[in-house]
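All values below were derived from every heavy atom in this structure, side-chain atoms included, with hydrogens, water molecules and symmetry-related copies excluded. Here the structure is a predicted model, which means the values were calculated and not measured. Each chain gets a letter, A, B and so on, in the order the sequences are listed, and its residues count up from 1.
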Amino acid sequence: MSSNLITTFKRPESMSDNTTHYCPGCTHGIIHRMVAESLDELGVSGRSVGVAPVGCSVLIYNYFNVDFIEAPHGRAPALATGFKRVRPDMIVFTYQGDGDLASIGMGEIVHAANRGEKFTTIFVNNAIYGMTGGQMAPTTMPNQKTTTSPGGRDTDKVGFPIRMSEMLSTLKTPSYIARVAVHTPLHAIAAKKAIKRAFQLQVENRCFSMVEVLSTCPTNWGITPEASTKWVESDMVPYYPLGLYSDPDREET
Amino acid sequence: MSSNLITTFKRPESMSDNTTHYCPGCTHGIIHRMVAESLDELGVSGRSVGVAPVGCSVLIYNYFNVDFIEAPHGRAPALATGFKRVRPDMIVFTYQGDGDLASIGMGEIVHAANRGEKFTTIFVNNAIYGMTGGQMAPTTMPNQKTTTSPGGRDTDKVGFPIRMSEMLSTLKTPSYIARVAVHTPLHAIAAKKAIKRAFQLQVENRCFSMVEVLSTCPTNWGITPEASTKWVESDMVPYYPLGLYSDPDREET
Amino acid sequence: MPGVKIDINYCKGCELCVQVCPTHILEMSKEINLKGYFYARLNEPTHCIGCQLCAIMCPDVAIKVQSHGTRFVLFE
Amino acid sequence: MPGVKIDINYCKGCELCVQVCPTHILEMSKEINLKGYFYARLNEPTHCIGCQLCAIMCPDVAIKVQSHGTRFVLFE
Amino acid sequence: MSGQIDVVFAGFGGQGIMTAGQLLAYTAMEEGKQVCWIPSYGPEMRGGTANCTIVVSDTRIGSPIINNPAGACVFNRPSLDKFVPSLRAGALLLINSSLIDTPSGRSDLIEVKIPINEIAMKLGNPKAANMVMLAAYVKATGVVKMKSLENMLITKLGHKKSALEINKRAFKEGAKAVSGLQVRDKV
Amino acid sequence: MSGQIDVVFAGFGGQGIMTAGQLLAYTAMEEGKQVCWIPSYGPEMRGGTANCTIVVSDTRIGSPIINNPAGACVFNRPSLDKFVPSLRAGALLLINSSLIDTPSGRSDLIEVKIPINEIAMKLGNPKAANMVMLAAYVKATGVVKMKSLENMLITKLGHKKSALEINKRAFKEGAKAVSGLQVRDKV
Amino acid sequence: MTKKLMKGNEAIGEAAIAAGAINYFAYPITPQSEVAEYLCWRLPEVSGVFVQGESEVAVGNMIFGAAASGKRVFTTSSSPGISLMQESISYMAGAHLPVVILNIMRGGPGLGGILPAQSDYFQATKGGGHGDYRLIVLAPASVQEAVDLTILAFDLADKYRNPVMIIGDGMIGQMMESVEFPEKYRDENNPDDFDWALTGADNRPARITKSLYLDPKKLEDNSIKLAEKYKKIVEAESRHELYHVSNDNQLLIISYGTMARICQTVIDELADEGISVGLMRPITLYPFPGAELYAEATKKNIKRVLTVEMSMGQMVEDVERYVVGKKPVDFFGRTGGIVPTPNEVKDKIRELLKPSPKAKKTKSSRKKQIKG
Amino acid sequence: MTKKLMKGNEAIGEAAIAAGAINYFAYPITPQSEVAEYLCWRLPEVSGVFVQGESEVAVGNMIFGAAASGKRVFTTSSSPGISLMQESISYMAGAHLPVVILNIMRGGPGLGGILPAQSDYFQATKGGGHGDYRLIVLAPASVQEAVDLTILAFDLADKYRNPVMIIGDGMIGQMMESVEFPEKYRDENNPDDFDWALTGADNRPARITKSLYLDPKKLEDNSIKLAEKYKKIVEAESRHELYHVSNDNQLLIISYGTMARICQTVIDELADEGISVGLMRPITLYPFPGAELYAEATKKNIKRVLTVEMSMGQMVEDVERYVVGKKPVDFFGRTGGIVPTPNEVKDKIRELLKPSPKAKKTKSSRKKQIKG
Ligand SMILES: Cc1ncc(C[n+]2csc(CCOP(=O)(O)OP(=O)(O)O)c2C)c(N)n1
Ligand SMILES: Cc1ncc(C[n+]2csc(CCOP(=O)(O)OP(=O)(O)O)c2C)c(N)n1
Ligand code: SF4
Ligand code: SF4
Ligand code: SF4
Ligand code: SF4
Ligand code: SF4
Ligand code: SF4
Ligand SMILES: [Mg+2]
Ligand SMILES: [Mg+2]
């Protein structure tokens with residue numbers, strides 16, 4: 001390439017040089033990158049603290065040049081609450097899977113959102129428990145096969161998938177809540193915008209912010225990375241509509 | 001009274017003869033009566049099991065001629081799930097306060113509702129922790145004074161009261177969810193109807209059912225029983241609109 | 001003639017029944033019951049219309065209502 | 001001429017970049033990298049339009065994109 | 001006073017039992033004594049009985065729980081029944097005769113009946129009954145000086161002039177009720 | 001075989017390490033022996049190395065963890081490096097020469113190189129490499145009878161005729177690869 | 001009875017079914033998720049109940065509710081998940097409810113790791129929850145024993161109306177060994193057989209399953225009732241196994257679970273070297289076979305008592321308590337997922353038995369170690 | 001320093017402020033809700049943080065997150081609430097985080113009651129959570145000592161980077177006694193003083209607060225690091241008090257917290273009867289003053305050692321362990337909210353010291369009791 005070329009896309013500063021342990025094609029990596037870019041662009045990575053979940057992304061701290069706490073399974077919002085309350089000058093975020101946030105951590109996320117804790121949650125919904133080998137999550141799609149729903153999720157017995165963004169946006173406390181996806185570049189660009197806005201609102205000390213990101217788990221879905229992106233579009237998006245669910249700037253209803 | 005008089009209102013069979021430990025004018029007692037009447041009218045008290053919460057109504061089992069389990073604080077829906085799954089032929093209900101259900105027990109109620117567990121929850125919302133002496137609950141009204149919000153609930157710091165019926169009715173799994181009140185006889189009559197329908201749906205093995213009942217706590221609100229009923233009308237009902245939030249018969253949205 | 005029977009030992013003197021009686025015939029006694037509460041009592045029994053409102057509101061289910069003929073159901 | 005640089009030791013061979021490249025110039029190598037994956041590589045460098053789609057989709061942030069002049073932002 | 005002195009204040013919720021006991025405790029502390037006030041609290045619900053024990057001592061206090069108190073101020077009947085059997089021989093028993101019409105039935109106690117509710121009513125504030133009782137106890141035992149007690153009252157109520165006045169008068173009446181009695185050495 | 005015999009199967013995920021080991025364990029059990037199969041599992045993520053230890057014995061098995069195995073079937077290079085040092089003197093080491101080009105470097109082992117991937121490829125199913133290795137090990141040690149192994153294969157794969165055939169042929173090839181070798185008494 | 005080669009986790013699941021405990025509630029956690037993955041398809045075959053709870057807190061309470069029915073209920077988890085059940089376990093013990101809980105222990109504290117460990121001994125045997133209560137604690141050393149003890153666990157739970165915990169390490173869960181199940185599987189409990197089960201107050205007074213007693217005398221009575229039960233359990237249910245115990249032994253090893261099997265190999269190999277060592281393997285960790293330990297440890301020939309655990313030293317406290325200073329008590333342990341090899345244990349024993357002129361042989365080496 | 005008459009619960013709240021621990025997270029539970037009710041208005045006066053969490057599970061994790069900042073954090077609860085914190089406590093210990101947790105114990109197990117008890121000794125000292133970890137455990141006997149130990153607790157937590165638990169019974173919480181606070185309140189910690197606090201990775205490598213080590217060697221290293229810390233704590237931090245200990249003592253009482261004060265009265269009253277009894281009161285329950293106990297208990301004049309607890313017998317296991325059979329160890333306890341009276345304890349002692357011809361005086365009466 002000639003010398004007047006400039007770099008338009010590169011690894012964000014906030015990311016470390018380590019390669020990840022994620023499976024090939026797992027979109028956790030894309031979401032990591034967007035978080036790092038947001039911290040970079042807002043210039044806050046030096047005063048940020050992430051809270052890692054238990055789930056495939058438990059080792060997220062290995063991939064960031066940012067301080068991190070490792071939370072017990074599901075409790076990241078409680079840790080983030082504790083940290084942010086004593087250090088309101090810092091930028092705090094949790095990064096949580098769907099098992100972590102929507103199953104065991106339900107109480108903690110609802111209450112953190114309801115108290116209006118001023119941290120940011122990146123909620124990676126891949127409709128399954130990735131780390132433990134593909135068990136059913138509260139977000140698993142109807143009829144989706146998992147190791148604990150070998151005949152497919154039976155909604156008569158275990159109910160329908162929980163839509164966290166919809167649920168949390170019923171709370172009256174102001175918040176920013178959006179659902180995005182990363183299965184195509186266009187979706188990914190929108191996702192990045194939402195994530196950045198979530199952090200931006202925290203920088204402005206406005207409100208609790210959460211971005212739910214539809215993500216893939218090729219390994220436990222048992223299909224290729226490409227097929228996984230297709231499945232997000234064909235099966236997940238219709239049930240989990242993308243969009244803005246709550247915004248502090250929006251007129252209250 | 002002359003001999004052709006018939007009794008039109010009396011203590012329901014399912015209630016025991018014990019006097020309650022509730023404070024004078026506390027509407028927990030009215031709600032107890034309605035639960036007992038519903039069991040009587042449906043003829044199911046002999047095959048019912050109640051799950052008591054931790055809260056002022058922890059001793060509910062002393063006032064019913066019905067089998068009961070005493071749950072840890074907030075976990076009644078999990079106990080009810082366990083019991084009902086192994087004895088689907090029995091009628092199972094939880095009776096829970098707002099601290100119990102909406103604070104510590106958030107995870108359990110959301111997931112029981114979402115799995116569509118076929119039991120009934122009577123949710124007594126008195127906007128305070130009664131039993132422990134009047135601390136703030138997630139349902140405490142904005143500016144309401146409690147022993148842990150002596151300056152009144154500050155929504156900037158702790159958020160707005162949680163509206164459980166609204167939140168749970170966002171779940172796609174079919175359910176029956178209604179909010180009622182008992183501060184006037186007319187409201188009480190509607191409340192009784194809702195409670196009976198909740199049990200009726202369980203008898204028909206239809207769905208999870210929950211009735212949220214706005215209730216009073218004269219003692220910890222620090223006002224008379226009469227003033228308490230007024231406060232329900234003036235302060236609680238506007239924030240907690242009464243009505244049907246979810247019904248399995250209703251067209252899905 | 002319809003009427004109510006108040007079991008004074010259940011009564012805790014909350015006065016909710018007194019507030020709701022449409023005929024204003026309930027009042028609080030000057031004596032206390034075993035538990036030390038001033039209890040509710042029927043002042044003018046003949047005016048009772050058997051509407052059950054008092055009973056419906058009584059948190060302690062202390063009130064029994066009797067009426068003529070078939071069960072008189074006001075609100076169903 | 002815009003272009004991409006793929007750090008083959010980050011690449012896990014997921015092929016997501018290959019799928020999204022609008023000019024179809026990415027392909028998988030026949031060799032494996034240190035980790036044992038067939039990695040992505042640029043087939044016809046001259047056709048790259050620097051659109052970044054590959055980089056945006058790469059879960060392993062293995063791709064760097066370079067372009068002429070001011071930063072070319074396609075989608076903002 | 002020398003050594004350790006202990007007393008139980010007992011009645012039902014709302015009679016100001018805890019406050020009376022605490023005022024005694026504050027005063028004793030102010031006089032430089034070791035002191036321990038401990039309530040007996042019931043179930044997490046309202047109502048029911050209330051009582052507290054106060055131990056005052058010149059030296060370090062051992063057990064805050066007293067098997068056989070040297071004094072009891074009983075405000076209602078159930079409290080009389082509850083505490084009389086455990087009082088040590090020679091103990092001082094002050095009975096609220098406004099609400100209790102039976103005697104203790106023991107012959108080894110110094111027993112004084114005081115109609116504290118009526119006295120308080122006369123003073124114009126039924127809520128001052130507890131102060132009548134407290135003053136009677138203090139006067140009779142000398143556990144603390146009456147003057148100290150009054151000073152403590154001023155410290156606590158200084159800003160509420162009217163309440164202060166009534167309570168001061170209640171002190172006088174209480175002291176009067178046991179005038180002549182001096183059990184200082186016995187307890 | 002007499003006494004106890006133990007072996008490690010080691011390679012990376014996807015090479016059928018666990019399956020081969022389990023088939024051996026099933027067969028030994030069917031022959032009436034005591035048997036213990038234990039995997040070594042890594043972090044909760046995918047990929048990486050995989051290995052399992054099989055202990056076969058006529059009597060009750062003590063430790064399922066073997067310090068110094070009497071046998072090792074290594075499927076890739078990292079496994080060779082990992083297990084060679086711990087093998088006991090005289091142990092049988094079967095090396096997958098399709099992926100490993102270095103020798104063990106020890107002189108006190110019975111070392112056999114078998115290009116199992118190539119053999120399997122020739123048989124038309126690269127996935128049968130593990131069966132080639134298994135058969136070679138069984139043939140060389142006699143830990144179980146080849147016939148028993150085949151019977152077990154039939155039990156497990158009876159319904160999948162084509163897979164059965166290929167695996168049977170893999171057995172033959174594996175056995176052939178160690179023909180002449182008999183370490184029965186050594187291990 | 002036919003033999004099957006099965007993974008410990010799956011065999012335990014099948015054993016529960018054999019015991020008539022077809023009501024299972026669990027939340028996934030490595031290294032025991034296979035129990036759920038097995039039972040989620042196996043239970044429907046026997047008309048059983050399988051529920052994946054939303055958390056271990058919920059699961060602890062689901063089994064609580066289910067157990068009140070009089071039916072047999074089962075859950076499985078691993079260390080952090082068991083910590084989350086402590087409140088419910090205390091409640092179930094207080095309410096005299098029979099449940100069986102399996103803890104496939106992993107390395108701790110905290111998130112720790114997923115490899116085998118035995119560092120939850122204290123939690124299991126002393127009660128990680130609040131109040132005066134005890135669990136019956138069983139520790140299998142092989143897949144077959146895991147099956148047998150699982151079945152026993154349900155019997156003990158029903159007999160004493162007390163929660164029973166089976167503790168195993170990751171090895172027990174992941175190992176495949178041959179196992180036999182009973183010819184005839186037990187039927188589900190009939191709730192009507194119990195005078196405490198909640199079956200509906202039809203023609204009988206209502207029953208209450210509870211642990212609250214606002215009257216302290218009644219609450220103490222409940223604790224005394226529990227204590228009397230534990231006394232019976234201590235008298236009747238202590239189980240252990242001796243291995244190579246003889247009057248030639250110079251040293252007695254105390255070890256449980258798979259660790260004890262490794263010690264068996266140690267003993268066999270040391271015997272070849274002419275060093276005679278015996279093993280006492282507690283099968284019940286509560287009740288701890290204390291009297292039996294005392295009897296063995298105080299035999300004249302025993303010079304020292306060595307406790308071997310996959311922990312920093314937990315059971316050793318009980319060993320010290322029961323050996324009451326009669327013999328020096330030593331400890332060897334690895335933790336965090338590291339399984340001590342026979343060689344390491346042998347080295348430790350050789351060192352302990354080495355006649356050293358300066359070291360006072362009667363002093364516990366444990367004193368020099370970390371303790372408290 | 002001026003004296004104040006204060007309730008234990010409130011005094012402890014004020015003591016935390018004095019220690020610079022102005023970050024408080026809690027969930028209401030009797031009999032300690034007054035701590036929160038006090039701090040909710042008192043903390044804003046000192047620009048502190050007060051958060052009422054949604055549950056004890058959440059609170060345990062809020063203090064976890066807050067502690068990672070390097071600031072001093074505090075929580076208070078009572079028995080069932082403490083059980084719910086076990087997972088987070090194990091995590092915080094594993095991550096070497098300093099926090100202080102107060103447990104005002106109530107009767108258990110289960111919902112139990114709300115009256116004073118000491119039945120969470122095991123949970124506090126052995127670790128109710130999973131894995132090899134320990135808490136430093138302090139047990140005050142008076143309101144003043146509650147204040148002093150609360151301040152000490154924060155110092156110890158910071159010094160050792162380990163959670164510290166203060167355990168008191170309902171009496172400590174409800175009692176009013178006169179207390180003195182330090183003249184000068186301590187400032188908040190400055191997070192920059194610590195090389196582990198999360199202050200933002202600005203111009204330095206990122207820091208991680210964690211307990212996961214997938215490599216078992218590293219996980220074991222963490223356990224060893226913890227164990228070495230505990231060894232130091234055992235060596236340096238054991239605290240106890242002796243009362244009326246002399247060569248005339250026939251019997252030695254071991255008792256802690258307010259129970260020990262009741263025993264002081266017992267000792268005074270028995271002295272009047274001519275019976276000489278001494279008391280050893282552990283102030284630190286972990287580290288347990290074991291060597292000191294051994295020294296006192298083995299003195300020639302001591303005939304028996306009596307452990308007195310408000311439980312069915314928990315600390316007595318440690319007493320047995322440290323007395324190593326040198327003297328008979330007896331136990332007296334009441335539980336469920338019943339506080340033993342001095343008379344009961346005196347009766348027990350008189351009975352124990354009665355020269356009985358048939359009873360073998362050297363046998364522990366505890367053997368006859370419920371144990372295991
Ligand atoms: C208390 C507790 N329970 C269970 C586990 C086991 N566990 C680890 S990760 C996980 C689920 C992860 O799923 P998810 O949150 O969806 O994240 P993903 O791996 O899919 O990204 C579970 C159940 C644990 N570590 N701790
Ligand atoms: C684990 C646990 N945490 C806290 C408590 C203390 N506690 C008892 S009842 C209660 C709140 C009750 O409030 P609510 O549920 O609203 O019922 P109410 O008394 O108002 O009817 C609390 C916090 C407890 N018993 N257990
Ligand atoms: S298991 Fe699924 S979620 Fe986890 S790294 Fe692999 S693909 Fe991603
Ligand atoms: S405290 Fe409140 S909720 Fe409880 S019984 Fe009294 S009035 Fe009712
Ligand atoms: S029944 Fe109606 S009229 Fe009669 S007393 Fe009651 S409220 Fe009044
Ligand atoms: S409503 Fe019931 S309790 Fe209240 S005053 Fe009337 S009769 Fe008495
Ligand atoms: S920048 Fe665009 S054109 Fe160039 S390789 Fe990537 S996707 Fe293809
Ligand atoms: S998207 Fe990234 S990891 Fe995947 S093949 Fe392309 S360069 Fe490799
Ligand atoms: Mg997931
Ligand atoms: Mg409430």
My understanding is that only residues two or more places apart in sequence, or in another chain, count here; which of them pass salt bridge (charged side-chain N to carboxylate O under 4.0 Å, His left out) with Asp67(B)?
Arg204(G)
Considering only heavy-atom distances, could you tabulate the donor-acceptor pairs under 3.5 Å between chain B and chain H?
residue: His73(B); atom: NE2; partner: Tyr27(H); partner atom: OH; Å: 2.7
residue: Ser103(B); atom: OG; partner: Glu54(H); partner atom: O; Å: 2.8
residue: Ile104(B); atom: N; partner: Glu54(H); partner atom: O; Å: 3.0
residue: Tyr129(B); atom: OH; partner: Tyr27(H); partner atom: OH; Å: 3.0
residue: Gln135(B); atom: NE2; partner: Glu37(H); partner atom: OE2; Å: 2.7
residue: Met136(B); atom: O; partner: Gln52(H); partner atom: NE2; Å: 2.6
residue: Thr147(B); atom: OG1; partner: Glu37(H); partner atom: OE2; Å: 3.0
residue: Thr148(B); atom: OG1; partner: Gln52(H); partner atom: OE1; Å: 2.6

Measure Met106(B) against the heavy atoms of chain H and call it side chain, backbone, both or neither at under 4.5 Å.
neither
Using ring pair (Phe, Tyr, Trp, His ring centres under 6.0 Å) as the criterion, list what pairs up with Phe154(H), not counting sequence neighbours.
Phe74(H)
Which bit of Leu84(H) comes within less than 4.5 Å of chain B, counting heavy atoms only: side chain, backbone, both or neither?
side chain
Could you list the residues that satisfy side chain to side chain contact (heavy atoms under 4.5 Å, CB included) with Thr20(B), not counting sequence neighbours?
Tyr22(B), Tyr63(B), Lys12(C), Asp60(C)
